[in-house]
*Asks:* 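Below you will find the structure I want to go over with you.
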Amino acid sequence: MALKVAIVGRPNVGKSTLFNRLVGKRLALVDDRPGVTRDRRYADGNIGDMDLTLIDTAGYEDVTDESLEARMREQTEAAIDDAELILFMMDAREGVTSLDRIFAERLRKVHKPIILLANKSESRESGGGVGEAHALGFGEPVAISAEHGEGMADLSAALRAGSEDIFVEEIDEPDKPIRIAVIGRPNAGKSTLINRLIGDDRLLTGPEAGITRDSISVDWTFEGKNIRLIDTAGMRRKARVQEKLEKLSVADTIRAITFAEVVILVMDKDDAFDTQDLQLADLVEREGRALVYVASKWDLEDEPQSRLAKLKTLAEDKLPQLKGSPFVALSSHSGRGVDRLMPAVLQAYDTWSVKVKTKDLNTWLSMATQRHPPPAVDGKRIKPKYIAQTKARPPTFVLMANRAEAMPDHYKRYLVNSIRESFDLPGTPIRLNVKSSGANPYAEGGAKSGPERYKGDAKTAPRRVKKAEKEEALSKLPGKALEQKKTRKAQPKVLGGLKASASKKAGSSVAIQKGARGGARQVSRSGRIRTGQKGGAKK
């Protein structure tokens, strides 16, 4: 098991930057403004040959009221209690502040190894801040630069020395968890739902919209199965997203959808399936992920039965490509209906991972084409040959047919809907690729055509081809022979005598030239050959 390390400190000292460097990925959002991180985030990392479980925390604020900063402080204290070793980070450029001293007093009451880090020590101005850090009472500070990677060797040595007395238990690696992303618009109740599922206030919640800024993963076990719940930031309409930090949050949410296996779309019951919800559901379908609809705040509904039936009908009308997706109505605050969510999620996951036998698929194809034959395009009918499943998650099928490029989209939708109904695949995205099977494998360039054979030069090759071959042969002659060939003068053509009988009828400007086969041909003064004239010269 890896050493569990918490990175703590006041806001904007570089905790998330160091977290990303040790993890090796840009998991945590980083910005110049303070207070970007709000929840505590867990991730596996390493430094040298040491395996670490890192905990990124929010900046420590000295408040104890009901504000958002006070709830963020509670998350930081929970991370301190959970960690085995603590990295206390301060800003070497600004030196020791009053908030650093207050936080140091809090950490002295914790009986765990504490390593003091002086971040942003790459410049000369940071020398004074490193000296002031000794006054905090945690020994020699480790000067690092999380942004530029300086001082990592010193940090590795300090971690090795600080963890000598910590017993790290070796445990077997758990099975690969099922990744479930919870998405929706801001203030839909996503974080509250995850807290209700795991039975702990793991995520920061409140009445304010947009509390969650980056995707937070929570490992959990449900009925012996490993589950990884991913809480995401609320996604507003694209036109309303203007700030850089919100754009980063939206990009992080889209990345969470890409790497998830099942997606839970949380909607407010009062305005469910508005434009933004439909766009999010369509994004999940295009990414090929299993989808589960959740209508939150159901304890405030006056007519639950009629409202639920109306929402299910609306889902099938607005999103026919996801027809049959599970729909769960619940209340995260009171816990009503939450017990029906995970069975629906596991059912959607099993459907998403299904594999169908090729024999059953081809039996279905024969029946489907008999019930609704393919249309004729340009007077020629499309003939499906056979079908097979190439992969699962999502189920992907390949249909071989002649004139595959001419198959219309409406017939493909008919085949997909028929697959969904015949093999009981409700709600899951289905991919159908139609490929042509009419190519001749023995044709030139085909799969079985083999290497092209040399058939020799054609007997009736053009003169320019023969001339080029002759010049190429001359270029390979030795130097003396080549010079003699170049200096050789062309012999003038020998013309025969004039014939009186031919000159009288063909005109006075006629010469008799010896033909290729020994015969005589009439040639005018311009060089044009005259043939077929009466009284012309005979061979």
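Since the model is a prediction, treat every value here as computed from it, not as a measurement.
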*Asks:* Taking NZ, NE, NH1 and NH2 as the nitrogens, is one of them in Arg73 or Glu77 under 4.0 Å from a carboxylate oxygen of the other?
*Replies:* yes
*Asks:* Would you find a donor on one side and an acceptor on the other, under 3.5 Å apart, between the side chain of Asp252 and the backbone of Ser215?
*Replies:* yes
*Asks:* May I ask you to decide if Met267's main-chain N or O and Lys297's side chain share a donor-acceptor pair within less than 3.5 Å?
*Replies:* no
*Asks:* Minimum heavy-atom separation for Val266 and Ala188, please, with both atom names.
*Replies:* CG1-O, 3.5 Å
*Asks:* With no hydrogens and no angle check, just 3.5 Å: does a side-chain donor-acceptor pair link Ser16 and Thr37?
*Replies:* yes
*Asks:* How far apart are the closest heavy atoms of Ala272 and Leu314, and which atoms are they?
*Replies:* O-CD2, 4.3 Å
*Asks:* Can you find a heavy atom in the side chain of Val96 that is under 4.5 Å from one in the side chain of Arg101?
*Replies:* yes
*Asks:* Among Leu54, Ile115, Ile55, which residue satisfies the side chain to side chain contact (heavy atoms under 4.5 Å, CB included) criterion with Leu87?
*Replies:* Ile115
*Asks:* Using a 4.5 Å cut-off on heavy atoms from C-beta on, say whether the side chain of Met72 contacts that of Glu61.
*Replies:* no
*Asks:* Check whether any side-chain heavy atom of Ser121 sits under 4.5 Å from a side-chain heavy atom of Glu150, and report yes or no.
*Replies:* no
*Asks:* Could you point out which residue of Leu107, Asp100, Ile86, Leu136 forms a side chain to side chain contact (heavy atoms under 4.5 Å, CB included) with Leu116?
*Replies:* Leu136
*Asks:* Work out which heavy atom in Arg38 is nearest to a heavy atom in Ala58; give both atom names and the distance.
*Replies:* O-CB, 3.6 Å
*Asks:* Check Ile80 against Lys112 and note the closest heavy-atom contact, atom names and distance.
*Replies:* O-NZ, 2.9 Å
*Asks:* Assign the ring pair Tyr293 / Phe327 to parallel, tilted or perpendicular, where the plane angle (0 to 90°) is split at 30° and 60°.
*Replies:* tilted
*Asks:* Is it the case that the side chain of Thr313 and the backbone of Ala309 share a donor-acceptor pair, with hydrogens and angles ignored and the cut-off at 3.5 Å?
*Replies:* yes
*Asks:* On a heavy-atom basis, which atom in Gly206 and which in Arg71 lie closest, and how many Å separate them?
*Replies:* CA-NH2, 3.9 Å
*Asks:* List the atom of Met89, the atom of Ile7, and the distance in Å for their closest heavy-atom pair.
*Replies:* CE-CG2, 4.3 Å
*Asks:* Taking the side chain as everything from C-beta on, heavy atoms only, tell me whether Ile180 gets closer than 4.5 Å to Met342.
*Replies:* yes
*Asks:* Within the distance-only criterion (no hydrogens, no angle test), does the side chain of Arg289 pair as donor or acceptor with the backbone N or O of Leu283 below 3.5 angstrom?
*Replies:* no
*Asks:* Do Thr351 side-chain atoms and Gln347 backbone N/O form a donor-acceptor pair below 3.5 Å?
*Replies:* yes
*Asks:* Using a strict threshold of under 4.0 Å (side-chain N to carboxylate O), is an ion pair present between Asp91 and Lys120?
*Replies:* yes
*Asks:* Could you check whether Asp271 pairs with Arg185 (Lys NZ or Arg NE/NH1/NH2 to Asp/Glu carboxylate O, under 4.0 Å)?
*Replies:* yes
*Asks:* Is Leu319 close to Leu278 at the side-chain level, that is, under 4.5 Å between some pair of heavy atoms?
*Replies:* yes
*Asks:* Report yes if the side chains of Ile387 and Leu432 come closer than 4.5 Å at any heavy-atom pair, otherwise no.
*Replies:* yes
*Asks:* Report yes if the side chains of Phe397 and Leu415 come closer than 4.5 Å at any heavy-atom pair, otherwise no.
*Replies:* no
*Asks:* Tell me, do Asp282 and Arg286 make a side-chain contact under 4.5 Å, heavy atoms counted?
*Replies:* yes
*Asks:* Treating Gln389 as the side-chain partner and Val354 as the backbone partner, does any N or O pair qualify as donor plus acceptor under 3.5 Å?
*Replies:* yes
*Asks:* So, the side chain of Arg41 versus the backbone of Leu27: is there a donor-acceptor pair under 3.5 Å, distance only?
*Replies:* yes
*Asks:* Do side-chain atoms of Asn195 reach the backbone of Arg202 as a donor and acceptor pair under 3.5 angstrom?
*Replies:* yes
*Asks:* Closer than 3.5 angstrom, by distance alone: can the side chain of Trp352 be matched with the main-chain N or O of Gly288 as a donor-acceptor pair?
*Replies:* yes
*Asks:* For side chain to side chain contact (heavy atoms under 4.5 Å, CB included), just list the numbers for Thr212 and Leu204, CA-CA rounded to whole Å, side-chain angles, deciding distance to a tenth of an Å, and then say yes or no.
*Replies:* CA-CA 7 Å; Thr212 304; Leu204 192 64; over 6 Å; no
